[in-house]
Structures are given as structure tokens and as C-alpha cells.
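All values reported here derive from a predicted model rather than from experimental measurement.
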Amino acid sequence: MSDSPAGWGSAREMSPFEVMMWRAEGDDPRFRSPVLAVELLDAEPDRDRLVAAVDWATRMVPRFRERIREPLGGLGTPYWIHDVAFDLHYHLRRVRIPGAGPGFWPELAPIAEQFMMTPIDRERPPWEAMLVEGLPGGRAAFLLKLHHVLTDGMGVVQLLSQLHSRKREHDDTKPQPDAPEPTSPDPLAEVDRLVRREAGIVPAAARAARDVVGALAHPLSAVRDTARYLDSALRVLSPPPGVGSELLRPRGMSWRFVALDVDFADLRAAGRSVGGSFNDAFVASLLGGFRLYHEAMGHPVTGDATLRTSVPVSVRREGDAAGGNRWAPARLAAPMGVADPARRIREVGEQMRAAREEPALESPDVVAPLLARLPGPLLTLVAGGSTQGNDLQASNVPGLRSEAFLCGARIDRVYPFAPLPGCAAMISAVTHGDQCCVGANIDAAAITDREEFARCLAGGFAEVLALHPGAAEPMILG
């Protein structure tokens, strides 16, 4: 193996979409964007070995020793620069739960919730980690919090697959790159970047001229293609159709977590039994849970009731750099009121296929460069309008299928928790081994009874799993 750092997160400048997330959060804390992975370990790692491992990770992935620098005068695109004052002691913390019982989640969840809700220091590399000791049976939990500007869900899995060991024993053959040399801001370089890259007058004019010439050569075709694209872009960029749920309408600043285990093979088989995919079965299970929650809270829904839902679709291509953010939203009028799980799966599948086939699926990449240059308050107004209309955002990411270890401790589960950009719930799933680990981040003002919601969510999965006889029951962490 090479002693060179990994290529994860190597882009020097933030993408326009990442600029939007970074600046919107700076103006309005409701749009804070941390991503949290909660790894349950079968043993407590040796502390010195853990410190050494995290230090190694920051040398292996230099992005973890970099902070975000706003350009001179706030003009142009923020970029990554090595943190001259990088302090591992700040980024890696340790706490112990005294006397945690067999059901440790009630003790662990508040720690994870508060850790995720605590703002990231914007003058440091935007990540933090915490080891939680004292779980029953000598177990522990490792919490890794990353700002969303670092990466999306697929990027997190890419990262962990590179950094986690495949054996319990220490590997003395792994590469040992040196820490990157710290660099200080260069005002002259910033001016050069602003003039050459941000203004981009000549390249932009050349592209515009090329497009005009092409349109004149084929005017009717250009008009049809443009109209088709604009119609598609309106669907992609607009909030999901339908009316939002009255029950879920309140929004607050506090987040609460729910975690479940679902057998991956069983859920996939349930979806396939009616012609659906794993993702179709996953989203249909969530919708069943929301229908049951509305009923439990005295707000029953009709059979044609929909839930305004957004599902990220990966637009990563072969050759794209690891890390970063490469996704587009699929916006659904999701069939929450459909009680038949088979029909629900099929209807979700139809809407997802239509969303993936949108000509303008990647139109957010076209609009983002313009939005990223708006003043903070206007940016949050525009960006917030596209996310606050969602009641649910749902995401599933293929995880690690083989055993993985952290400093000698086996990673038994990985629960993902993604941010709430104004929606009532963000529910994510990561496959880990033979399990689908479901992490629900819910707005405490919108979903006021967490325990009832957890039961209803498990009930939604149970409805779908019943399509596959002999499937294991979903398990609520608690």
C-alpha cells in the first residue's frame, strides 16, 4: 500500500450546493446541516489506540485537518485550507454512561441528540467525534459528526470503508502519510481566484455563444427541448405536490432520535415479491408508519392522502471524486393513505422511476451557482422554501457488508442520522452486514410522541415485511 493520503475529499473549492448549505446555516440555525453516524461496538477500544487511530485518519484523509475559508470580502466561493491551529484534542471527546441498563438507548440517545444539535465551530475543520463508554456488556459507541458540506451519505460510506479495519488486530502495514503542511491564507491568490474563476466572463460568454449558435441551427428542436427541460426543472425544483400534513405542521429547533433494526434480505424480498425494489419497500414502510402515527394521534387519513416526501437520488458517476455531495431530490406525493403495502410499494416505485427519468434531474446543479451568490437572508428564504414544504425526507445508502473493526472493537451496527432542513422527519437507512439500520431524526415540535412514533414506524415495516412470509420482526432500540 502507498504511504500517500487517500483521495477522499480532495476538491479545493466548495461546490455551489455546498456553498448554499454553508451560508444558509450561517444565517439561520434552522438549516444547520450535521450528519451523524452512531457506531455500536462490541467492546471499549483502548483509548490511546483510538487517539492514534483518529490522528492517522486525519493524516490519511487531509480534509479532516482543513477548515473552510471565506474568500476576501466574502466574494466568490469559499475554499478549504489547512488549519494552522488543528487540535485533535478538540475534535475527539470521550464520555461514560454510569450504570447503563440492558436497554441502553434511553441513555445513549440524549447524548447523541445533544452532540448532533451542538453547532460545529465554523473556524475549525467541520467534524467532531465522541467515544461513549459504559454500555452494558463492556460495549461502547463511537459517534462521528460531519458537516454535510464534507460529503453526502454515499461519501460517508466511502470514507468509512477506507478507514475501518477488516480485522480486530492492529495492522502495522497500513500506510503512514505525514501530516499535511499547514498553509496560511494568501490574499493575492484570493484575488487571482476571484478574477479568473469566479468572474469567468470569457468562458461564460463562449458557452453562451455556442448555445445560441446551436439553437439557431435547429430552432424547432431547441424550442421543444428547452420547453421540455423547463417543465421538468419546475417539477424537480418545486416542493412535492399536495398539501402538507396538519398534524406535522409545527416546526421547532429540537431533534429527537429513533433507531430500528430491520433484516435487509427480508425487506428486499418483500419489495421484490410485488415487483418493487429495496428502496420502494423502505419508503413504503415509512409511509405506513406515518399513516399509523396519524391514526394513533387522532388524525386518521383517507385512502388518497399523500405525504410530501423528498428522496435523494445519487447522481454520482464513475470517475467522480470520492467525498463531496452528488445527489438530486426526487419529490413525491407519496401514498401515505394506502393501507395495502403491496399497492403502496408499487405506487412508490412508479413515482421514483418517473423522478429518476426527469430530464432536469440535475437541474439543482444548474441553479445552485446562482443561488449560492445570494445574500444570506435571501438564500435561506429561497432554499428554505424548497425543503420546509417536505414532511418527510428519506434516504437509504448501501453500507459495509463485511465485518469492520475500530481499534480492536467490532462494529455491530451503524445508525445514520441526517439533518432536518425544515422538514418534520429525516429518516435514513444504512445496510450493515445483514441488517438494515434505520435512524430517524424527528422534529420534536412536529412529532410530539417519540415512543408512539417508534411503535408506528415499526408497524409500517411490519406491514411490508408481512409480504415475505417468515420475515423477522423489526426491532426498536430502546
> Do F417 and W255 touch side chain to side chain, with heavy atoms closer than 4.5 Å?
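Side-chain contact under 4.5 Å: no.
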> Do any N or O atoms from the side chain of S273 and from the backbone of A270 form a donor-acceptor pair under 3.5 angstrom?
yes
> Donor-acceptor check, side chain of R65 to backbone of P62, threshold 3.5 angstrom: yes or no?
no
> Of all the heavy-atom pairs spanning A296 and C456, show the shortest one and how long it is.
CB-SG, 4.1 Å
> Please step through ring-ring contact (aromatic ring centres under 6.0 Å, His included) for the pair W22 and H147, ending with a clear verdict.
CA-CA 9 Å; W22 183 251; H147 197 289; 5.2 Å; yes
> How long is the straight-line distance from CG of N396 back to CD1 of I427, given to the nearest 0.5 Å?
12.5 Å
> Has R251 got a side-chain atom pairing as donor or acceptor with G422's backbone, closer than 3.5 angstrom?
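Confirmed, R251 side chain pairs with G422 backbone.
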> Please say whether the positively charged group of K145, taken as NZ for Lys or CZ for Arg, lies over the ring of F115, i.e. under 6.0 angstrom from the six-membered ring centre and within 45 degrees of the axis.
yes
> What verdict does the side-chain contact (heavy atoms from CB on, under 4.5 Å) test give for Q393 and T309, after you've listed the backbone C-alpha separation in whole Å, the side-chain angles of each residue and the deciding distance to 0.1 Å?
CA-CA 6 Å; Q393 291 193 192; T309 301; over 6 Å; no
> Are any non-hydrogen side-chain atoms of F453 and R450 less than 4.5 angstrom apart?
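Counting from C-beta outward, F453 and R450 never come under 4.5 Å.
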> Is the backbone of D391 close enough, under 3.5 Å, to the side chain of R308 for a donor and an acceptor to pair up by distance?
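Not a single qualifying donor-acceptor pair exists.
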> Find the distance between CZ (R455) and OH (Y293) and round it off to the nearest 0.5 Å.
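One finds 10.5 Å between CZ of R455 and OH of Y293.
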> Does CE in M475 sit with more than 12 non-hydrogen atoms of other residues, nucleotides or ligands closer than 6.0 Å?
no
> Charged N to carboxylate O under 4.0 angstrom, E44 versus R94?
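R94 and E44: not salt-bridged.
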> Could you check E18 against H148 for side chain to side chain donor-acceptor pair (under 3.5 Å), going step by step and ending with a plain yes or no?
CA-CA 8 Å; E18 291 159 358; H148 210 323; over 6 Å; no
> Going through the distances and angles, do L163 and V61 end up as a side-chain contact (heavy atoms from CB on, under 4.5 Å)?
CA-CA 9 Å; L163 297 181; V61 183; 4.0 Å; yes
> Is there side-chain contact between L332 and S310, with at least one heavy-atom pair below 4.5 Å?
no
> Over 60° means perpendicular and under 30° means parallel, so tell me whether F282 and F278 are parallel, tilted or perpendicular.
parallel
> Could you tell me if the side chain of L146 sits less than 4.5 Å from the side chain of P34, heavy atoms only?
no
> Hey, what do you get for CG (L143) to CG (L131), rounding to the nearest 0.5 Å?
9.0 Å
> Any salt bridge between R249 and D443, counting N to O under 4.0 Å?
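Between D443 and R249 there is no salt bridge, as every charged N stays at least 4.0 Å from the carboxylate O atoms.
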> Treating N441 as the side-chain partner and A418 as the backbone partner, does any N or O pair qualify as donor plus acceptor under 3.5 Å?
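Checked: pair present.
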> Could you please spell out the steps behind the salt bridge (Lys or Arg N to Asp or Glu O under 4.0 Å) verdict for R124 and E66?
CA-CA 7 Å; R124 299 178 186 265; E66 297 175 344; over 6 Å; no
> Are R256 and E451 within salt-bridge range, i.e. N to O under 4.0 Å?
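Salt bridge between R256 and E451, a charged N being under 4.0 Å from a carboxylate O: no.
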> What's the separation between atom CG in L467 and atom CZ in R272, rounded to the nearest 0.5 Å?
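One gets 14.5 Å once the value is rounded to the nearest 0.5 Å.
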> Are F142 and L50 close enough, and set up right, to give a side-chain contact (heavy atoms from CB on, under 4.5 Å), and what steps lead you there?
CA-CA 10 Å; F142 185 72; L50 179 64; 4.2 Å; yes
> Under a 3.5 Å distance rule, please check whether H164 uses its side chain to pair with a backbone N or O of L160 as donor and acceptor.
no
> Can you tell if the side chain of P78 reaches within under 4.5 Å of the side chain of E13, non-hydrogen atoms only?
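Contact flag for P78/E13 side chains = no.
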> What are the two closest non-hydrogen atoms of A445 and P250, and how far apart are they?
O-CB, 3.5 Å
> Roughly how far, to the nearest 0.5 Å, is CD of Q351 from CZ of R331?
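Between R331 CZ and Q351 CD, I get 13.5 Å after rounding to 0.5 Å.
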> Please find the pair of heavy atoms, one from M336 and one from L287, that lie closest to each other, and give the distance.
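Looking at all heavy atoms of both residues, the closest pair is CG-O, 3.8 Å.
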> Ion pair present between R343 and E347, side-chain N to carboxylate O less than 4.0 angstrom?
yes
> Is there a donor-acceptor pair under 3.5 Å between the side chain of R344 and the backbone N or O of A284?
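Side chain of R344 to backbone of A284, a donor-acceptor pair under 3.5 Å: yes, one is there.
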> Within a strict 4.5 Å, meaning less than it, do heavy atoms of the I447 and E452 side chains meet?
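The answer is no, as the side chains (C-beta and beyond) never meet within the 4.5 Å cut-off.
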> Salt bridge check: are R122 and E25 linked by an N-O gap of less than 4.0 Å?
yes
> Closest approach of A454 and I476, non-hydrogen atoms and distance?
O-CD1, 3.5 Å
> Tell me if a side-chain donor or acceptor on S33 pairs with a main-chain N or O of F31 at a distance below 3.5 Å.
yes
> Where do F257 and Y415 land on the ring-ring contact (aromatic ring centres under 6.0 Å, His included) test, with the steps shown first?
CA-CA 10 Å; F257 292 169; Y415 297 98; over 10 Å; no
> Does R356 use its side chain to pair, donor to acceptor, with the backbone of A354 at less than 3.5 Å?
no
> Passes side-chain contact (heavy atoms from CB on, under 4.5 Å), Q435 versus D261? Steps please.
CA-CA 6 Å; Q435 289 295 310; D261 288 337; 3.5 Å; yes
> Atom CH2 in W80, atom CE in M14: separation rounded to 0.5 Å?
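Output value for this atom pair is 6.5 Å.
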> Any salt bridge linking R291 with E463? Criterion: basic side-chain nitrogen under 4.0 Å from a carboxylate oxygen.
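Yes, R291 and E463 are salt-bridged.
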> Between R93 and E128, does any side-chain N to carboxylate O distance fall below 4.0 Å?
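Yes, R93 and E128 are salt-bridged.
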> Hey, are D280 and R268 close enough for a salt bridge, meaning a charged N less than 4.0 Å from a carboxylate O?
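No.
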> Check whether any side-chain N or O of W127 sits under 3.5 Å from a backbone N or O of L144 as a donor-acceptor pair, and report yes or no.
no
> Do you know which two heavy atoms are closest between D266 and A472, and how far apart they sit?
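It is OD2-N, 2.8 Å.
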> Within the 4.5 Å heavy-atom criterion, are V313 and M352 side-chain neighbours or not?
yes
> Does any non-hydrogen side-chain atom of E39 lie less than 4.5 Å from one of R413?
no
> Any side-chain donor paired with an acceptor under 3.5 Å for S277 and N279?
no
> Taking all non-hydrogen atoms of both residues into account, name the closest pair between S161 and R166 and its distance.
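In this case the closest contact between S161 and R166 is O-NH2, 3.4 Å.
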